[in-house]
Amino acid sequence: VTNSEFHSAVNSAYGSAVMTFNRYWTVEVTGRNDWSSTLPKKNASYFYPSVNSSLILSDLLPAITRYGGLTYLKARGGWTRVGSDAAPYQLATVYNGNSQKFDGLPLFSLDNRSANAALKPEQTTAQEGGLEMAFFNDRLTLDGTYYVKKTRNQIIPLTIAPASGFAETVINAGQISNRGIEASLTAVPVKLTNGFQWSTTFNYLKNKNKVDELAPGLTALRITQQWSSELQARVGEPYGVLFGYAYARDKTTGELLLSGGLPTRDPVKRILGNVNPDWTGGWSNEVRYKSFTLNMLPDFGRGGENFSIGNWWGTYAGILKTTLKGREVDWDNPGLVIKGKDIATGQANTVQVTAEDYNHTVYPINEAGIYPTGFTKLRELRLGWDIPPRFLTRVRASQANIAFVGRNLYTWTKFPNYDPENATNAGNGGQGYDMGAMPTTRSVGISFSVIP
């Protein structure tokens, strides 16, 4: 059996009901049941319902709109439970085909993952509540949501002893919780009679996640690893902490502990960072005047760290601009005196070392490659012109627009040499690392659209 042609089959049954008690109160109830071919027969069926309700308070209590600028107020809330099945070939250990042949015969090898015939579907339960508000006849609107999500029975690979004949097995384990805020503020600060108008929208997202539990007896799960560091799911910590070797430091002052004038490595691994941002946002602006439109979209990300293998190795090799310190005249002139304490004497360091020797100390210390990934980006800038109708009659078009467009024009960040949003790959295990990433493309062009 090979897994090259397999696709899971999911059958679904779905039902919903909407109850409107009056013009301002609505309740919606849904239910769905799936049967998945990638789960064992006894666990293949899973049901997930939802309940959502909204109440237009400005209709229920008209008095709240009579004074001040409030013109609309709506409250909403909901509860839902969602199921998720497994990837193919998790229930029985299979043979994998080999592109090579032996004496014209096909070759197969046993998968190194021990399957689990008793898998259960994952379950995510979520609650949310929110408000929609409008002020000054919709010149200012606010939409905000607070949510809480918990995912249980996650289907995860677990490393096991090689003596078992396998490298890992598949289990249901753990719980991850997420809670956060999503908000959108839209305003029209300027709207003049001559046609000049400025509209702006700011979106804000803050999510905090935590690994509540893993499998019994397990406190940390390695998601992936790179050069002695690990991306982990660790109980009590956010999902996606960077775990590895740090600089040895004095426990009282936090100063580096040096040997022969060079930093040393703490022998005990620790948490070095968290790949998750504190918050992200975007600020969309549109300025219109007659037939001209200017759009500008900056994006924001604050908090989070990355183990930049590109910078780590670039420092080791001495090919980055940051490695010029200490070799302004020659490779060993004037050299460096690193601030810290001598690990043997406890005295302030006075030993001068070469930049080469100092930069080579990054190799065994993962902390040397940890950088903050906060950024501000000018994601898009667009200047457009709506061609007047008198020019369109000859080509039988109702509308036409020509625009100059620029994307990824500039990035403000403390993350050196690379795009702070880059990753080894787009998968779950690729976040938190960069290695040989290509530069982000900056594009400038002309867009032309015609509507018949």
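Just so we're clear, the structure is a prediction, and the values are computed from it rather than from any experiment. Numbers here simply count residues along the sequence, with the first being 1.
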Assess whether atom CZ of Phe47 is packed by more than 12 heavy atoms of other residues, nucleotides or ligands within 6.0 Å. yes
In terms of the angle between their ring planes, are Phe300 and Phe202 parallel, tilted or perpendicular, with boundaries placed at 30° and 60°? tilted
Between Tyr48 and Arg81, is there a cation-pi geometry (under 6.0 Å to ring centre, at most 45° from the normal)? no
Specify whether Tyr316 and Tyr363 have parallel, tilted or perpendicular ring planes, treating 30° as the upper limit for parallel and 60° as the lower limit for perpendicular. tilted
Taking the side chain from Thr145 and the backbone from Gly129, do they hold a donor-acceptor pair closer than 3.5 Å? no
Taking all heavy atoms of Leu140 and all of Leu185, pick out the closest pair and write down the distance. CD1-CD1, 3.6 Å
With Tyr46, the side-chain contact (heavy atoms from CB on, under 4.5 Å) member among Val82, Asn33, Leu39: Leu39
Considering only NZ, NE, NH1 and NH2 on the basic side and carboxylate oxygens on the acidic side, decide whether Asp250 and Lys341 come within less than 4.0 Å. yes
Taking all atoms of both residues into account, what is the closest heavy-atom pair of Leu218 and Val235, and its distance? O-CG2, 3.9 Å
Any chance CH2 of Trp283 has more than 12 other-residue heavy atoms, nucleotides or ligands included, within less than 6.0 Å? no
Cation-aromatic face contact Lys206/Tyr204, 6.0 Å, 45 degrees: no
Looking only at heavy atoms, which two atoms of Pro106 and Phe108 are closest? And how far apart? CB-CE1, 3.8 Å
Closest approach of Phe166 and Thr93, non-hydrogen atoms and distance? CE2-CG2, 3.8 Å
Determine, for Phe243 and Lys269, whether the Lys NZ or Arg CZ falls below 6.0 Å from the six-membered ring centre while staying within 45 degrees of the axis. no
Parallel, tilted or perpendicular: rings of Phe415 and Tyr371 (30°, 60°): perpendicular
